[in-house]
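See below for the structure under consideration.
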Amino acid sequence: MFDFSDADLRRSYWHTSSHILAHAVKRLYSDVKLGIGPAIEQGFYYDFDRNEPFSSDELKDIEKEMKKIIKAKIPLERFELDRDAARRYMMEREEPYKVELIDDLPADAVISFYRQDDFTDLCSGPHLEHTGQVKAVKLTQSAGAYWRGSEKNKMLQRIYGISFPDKEQLKDWLEKQEEARRRDHNKLGRELGFFTTTEYIGQGLPIMLPKGARVLQILQRFVEDEEEKRGYLLTKTPLMAKSDLYKISGHWQHYRDGMFIMGDPDKADTEDVLALRPMTCPFQFQAYLLKTRSYRDLPIRYNETSTLFRNESSGEMHGLIRLRQFTISEGHIVCTPDQLEGEFRGSLDLARFMLETIGLHDDVSYRFSRWDPQNRDKYIGDPAQWDAAQSTMQGILDHMELEYTVADGEAAFYGPKLDIQIRNVFGKEDTLITVQIDFQLADRFGMTYTDRNGEKQAPFIIHRTSIGCYERTLALLIEKYAGALPLWMAPEQARILPISERHLDAANQLAQQLRQAGLRVSVDGRDEKIGKKIREAQMEKLQYMLIIGDQEIEAGTVAVRSRRDGDLGAVVIADMIARLQQEVATRQL
RNA sequence: GCCGCUGUGGCUCAGAGGUAGAGCAAUUCACUCGUAAUGAAUAGGUCGUGAGUUCGAUUCUCACCAGCGGCUCCA
């Protein structure tokens, strides 16, 4: 039996599964060319060069063929060839992509192959002993994918699959996928009325409905208040600017494809061309530049609830995760070199506090995003500056006992980042929060401060967000809580349910009382049975239902029902108000 | 932007080359109800948009728009 909790074993299990997939495809469609077929976090895939995409019927046929290969318990044999022999071997088999891979292997690489019956693949392994060890297998989808991940290359046909040592585990996995679909913010968020989209407005441009807009307001107030406590100065800067601004910042050269430009960008040198802002940094820098600054003024911490516009390409938008217009808790700290580490820690501490308060901190991971020296065009500045900034950041991180991964090529165009990553309900990772060190834009904008010797110095700048992009954060919250947001964030905190129409007046009075106490409540005054009102409130993920009928009016109480714990019995109104207020004030999760 | 799938009343979904149905929701009426769906009646759709094929298209073809899953890119 297999210990599937062992990541290495899982990897070879899925890797062998991908060989079985390729074997089956080769048997059924001998003219396809092999790409690559690795194990991934959840399962495996294999890329094939074929003119036609694989239809879902074809996937079923392939799955059947895989089962035959599994049943035959074919052993996997490893063998090695030297470079020339390996190359000839794949040339003879007419596998141009494999030849390309062999050519790109480092000079000292051991070139190994795995053979199962008439199918052989270039592969470093390791693998299972024989194909019969793969038990339950399912092909989940087919999709296009560029060869070697570059859009300049041909698009191959990728088949994704999953496999397990027994059918039960496969069934469990499929059920978990089903549960994930139910929590998917893009479905649940629409169903619950947090947001919608319409084709008249366009892709990536959601309408925040009253419930969603309320949550964003709650979060925004929370963030702005907390930042004020931490010494931030709130700005409100324009949503657009002339190209002149972006030319200084480098956006015009390095970010133009991501910007909405009004007018003809080619005329930007001779006339005013405005563009919507993709970032707030250059705008807040203008505020800094208003007057000469002393080291005594620093650090200056600007924050802004900032609407941004990025022209994402059409296939990129997704729910509230990837948008063309979004709102970010964006801020920039201008500081002296010796303040840098403290300010960096402060930014991270704020982000961590936000994540803990909304209950997402246990779900995030940290990523140190560096530049890609092979791709200089993407960045401003020279290698020496990048090395300096990255080692500065490295040094700070090393002092912090922070667990993080390193990702080369993920830096911003102006500097390295510490990204706080989170996975959505389907396991797909996105950046929720980012803290960046920028050593270039201050210079470009001529931002300086006067040091104690009266000399002009270049400050450091930290670009940071505290709670991230509000829409994206809301998406993650909806998924985390399956739509039932903790009371302090809930758009509707309690719903009052009168037993019958003659209790409506008392219900409205109670609602007034609760609103006076600062609680967000509504009354379900419809002429429906109590069971139905409860059912609907329950499905709308209301945390509290307050039921009021003859007994309660008589006694000055409400019958409380909690979404999670069911009927809690009668509670004196004043006590209930205090209890709700307490739960909100402590931001209980 | 690229590859694929999808698009029928507010929602979930049937259906078929001869201009459409079900359940829930809505509205009205009756019931005045005690912890997850009261009953009856009524109304509601140029079948995403545009063009083409056809005697005729919502059904076939193409383009576009939007949603979804990937790839590339990214908060």
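Order of the sequence lines fixes the chain letters, A, B, ..., with proteins taken first and strands second; residue numbering starts at 1 for each chain.
Residue-level contact check: A:Thr431 touches the backbone only, with heavy atoms under 4.0 Å from sugar-phosphate atoms and none from bases. Nucleic acid contact class of A:Glu312 (heavy atoms, under 4.0 Å, all strands): base. Within the nucleic acid shown, A:Ile530 comes within 4.0 Å of sugar-phosphate atoms alone, with no base atom in reach, counting heavy atoms only. Among the atoms of the strands shown, none is found under 4.0 Å from any heavy atom of A:Glu52. At a threshold of 4.0 angstrom between heavy atoms, the contacts of A:Ala537 with the nucleic acid are absent. Contacts of A:Gly549 with the nucleic acid, taken as non-hydrogen atoms under 4.0 Å apart, include base atoms. Residue contacts shown for A:Gln141 are limited to sugar-phosphate atoms, with no base heavy atom under 4.0 Å away. Here A:Leu323 lies in heavy-atom contact (under 4.0 Å) with a base. The residue A:Arg158 sits close only to the backbone: its heavy atoms come under 4.0 Å of sugar-phosphate atoms, none of a base. If you check every strand for non-hydrogen atoms under 4.0 Å, A:Gly319 touches sugar and phosphate atoms only. Across all strands, A:Lys152 comes closer than 4.0 Å to no nucleic acid atom at all (heavy-atom distances). Using a 4.0 Å heavy-atom distance criterion, A:Asp419 is classed as making no nucleic acid contact.
With both ends at atom C1', the span from B:U53 to B:C71 equals 35 Å, rounded to whole Å. Taking atom C1' in both B:U46 and B:A41, one finds a spacing of 28 Å when rounded to whole Å.
With rounding to whole Å, A:Arg535 atom CZ is found 14 Å from B:U38 atom C1'. Residue A:Leu192 contributes atom CG, which lies 15 Å from atom P of B:C11 at whole-angstrom precision. For A:His254 and B:C74, the NE2 to P distance is 14 Å, given to the nearest whole Å. The CD-P distance, from A:Glu410 to B:C74, rounds to 7 Å in whole Å. Between the OH atom of A:Tyr200 and the P atom of B:G48 there is a distance of 12 Å, given to the nearest Å. The CD1 atom of A:Ile321 sits 15 Å away from the C1' atom of B:G69 (whole-angstrom rounding). Taking atom CD of A:Gln42 as the reference point, atom P of B:G69 lies 15 Å away to the nearest angstrom. In this entry the distance linking CD of A:Gln177 with C1' of B:G70 reads 14 Å, nearest Å.
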Got a list of protein N/O to nucleotides 22-30 of chain B N/O distances below 3.5 Å?
residue, atom, partner, partner atom, Å
B:A25, OP1, A:Lys532, NZ, 2.7

Enumerate all atom pairs, one protein N or O and one N or O from nucleotides 39-45 of chain B, separated by less than 3.5 Å.
none

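Put simply, the side chain of A:Tyr146 and the base of B:G70 share no donor and acceptor less than 3.5 Å apart. For a distance-only test at 3.5 Å, the side chain of A:Arg322 qualifies as a donor-acceptor partner of the base of B:C73.
A:Lys98 places a side-chain N or O within 3.5 Å of a backbone atom of A:Gly35 that can act as its donor or acceptor partner. Panel note: side chain A:Thr557, backbone A:Val572; no donor-acceptor pair is recorded below 3.5 Å. Formation of a donor-acceptor pair under 3.5 Å by the A:Gln440 side chain with backbone atoms of A:Ile380 is found in this model. When atom types are taken as modelled, the side chain of A:His254 and the backbone of A:Asp377 share a donor-acceptor pair closer than 3.5 angstrom. Between the side chain of A:Tyr379 and the backbone N or O of A:Asp372 there is at least one donor-acceptor pair closer than 3.5 Å.
Note on A:Arg502: a side-chain N or O is less than 4.0 Å away from OP1 or OP2 of B:C33. A:His318 has a side-chain polar atom (N or O) that falls below the 4.0 Å cut-off from OP1 or OP2 of B:G69. Remark: A:Gln203 is not in phosphate contact with B:C65, judged by side-chain N or O atoms under 4.0 Å from OP1 or OP2. For the OP1/OP2 pair of B:C71 and a distance below 4.0 Å, the side-chain nitrogens and oxygens of A:Tyr160 include at least one atom meeting the criterion.
B:U32 makes up no base pair with any nucleotide shown, lacking Watson-Crick or G-U wobble contacts both under 3.5 Å. Using Watson-Crick or G-U wobble geometry with both donor-acceptor distances under 3.5 Å, B:C5 finds its partner in B:G67. The pairing partner recorded for B:U61 is B:A51, the criterion being a Watson-Crick or G-U wobble arrangement whose two distances lie under 3.5 angstrom. The pairing partner recorded for B:G17 is none, the criterion being a Watson-Crick or G-U wobble arrangement whose two distances lie under 3.5 angstrom. Look at B:A26: its Watson-Crick or wobble partner, with both distances under 3.5 angstrom, is B:U42.
For residues 490-500 of chain A, every residue pair satisfying the salt bridge (Lys or Arg N to Asp or Glu O under 4.0 Å) rule, not counting sequence neighbours, is listed here: A:Glu492-A:Arg495, A:Arg495-A:Glu540. Residue pairs that meet the side-chain hydrogen bond (donor to acceptor under 3.5 Å, both in side chains) test with at least one member in residues 564-573 of chain A, sequence neighbours left out, do not exist here.
Salt bridge status for A:Arg464 with A:Glu343: absent, with no side-chain N to carboxylate O gap under 4.0 Å.
Closest contact between the side chain of A:Ser500 and the listed nucleotides B:A36, B:G70, B:C33 involves B:C33.
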Checklist outcome for this item: B/S/- along nucleotides 3-8 of chain B (protein heavy atoms under 4.0 Å) is BS----

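Here A:Phe44 and A:His15 keep their ring centres 6.0 angstrom or further from each other. The aromatic ring centroids of A:Phe48 and A:Phe54 lie less than 6.0 Å from each other.
Take A:Arg256 and apply the side-chain hydrogen bond (donor to acceptor under 3.5 Å, both in side chains) test, not counting sequence neighbours, and it matches no residue.
For the pair A:Ile534 and A:Gly149, both in contact range of RNA chain B, the more 5′-proximal nearest nucleotide belongs to A:Ile534.
For the residue pair A:Arg190/A:Thr197, the side-chain donor-acceptor check at 3.5 Å is satisfied. With 3.5 Å as the limit, one finds a donor-acceptor pair spanning the side chains of A:Trp173 and A:Gln42.
Annotation for A:Arg367 and A:Ala407: closest pair CD-CB, 3.6 Å, computed over non-hydrogen atoms.
A:Glu330 pairs in a side-chain contact (heavy atoms from CB on, under 4.5 Å) with only one of the listed residues (A:Thr307, A:Leu308, A:Thr465), which is A:Leu308.
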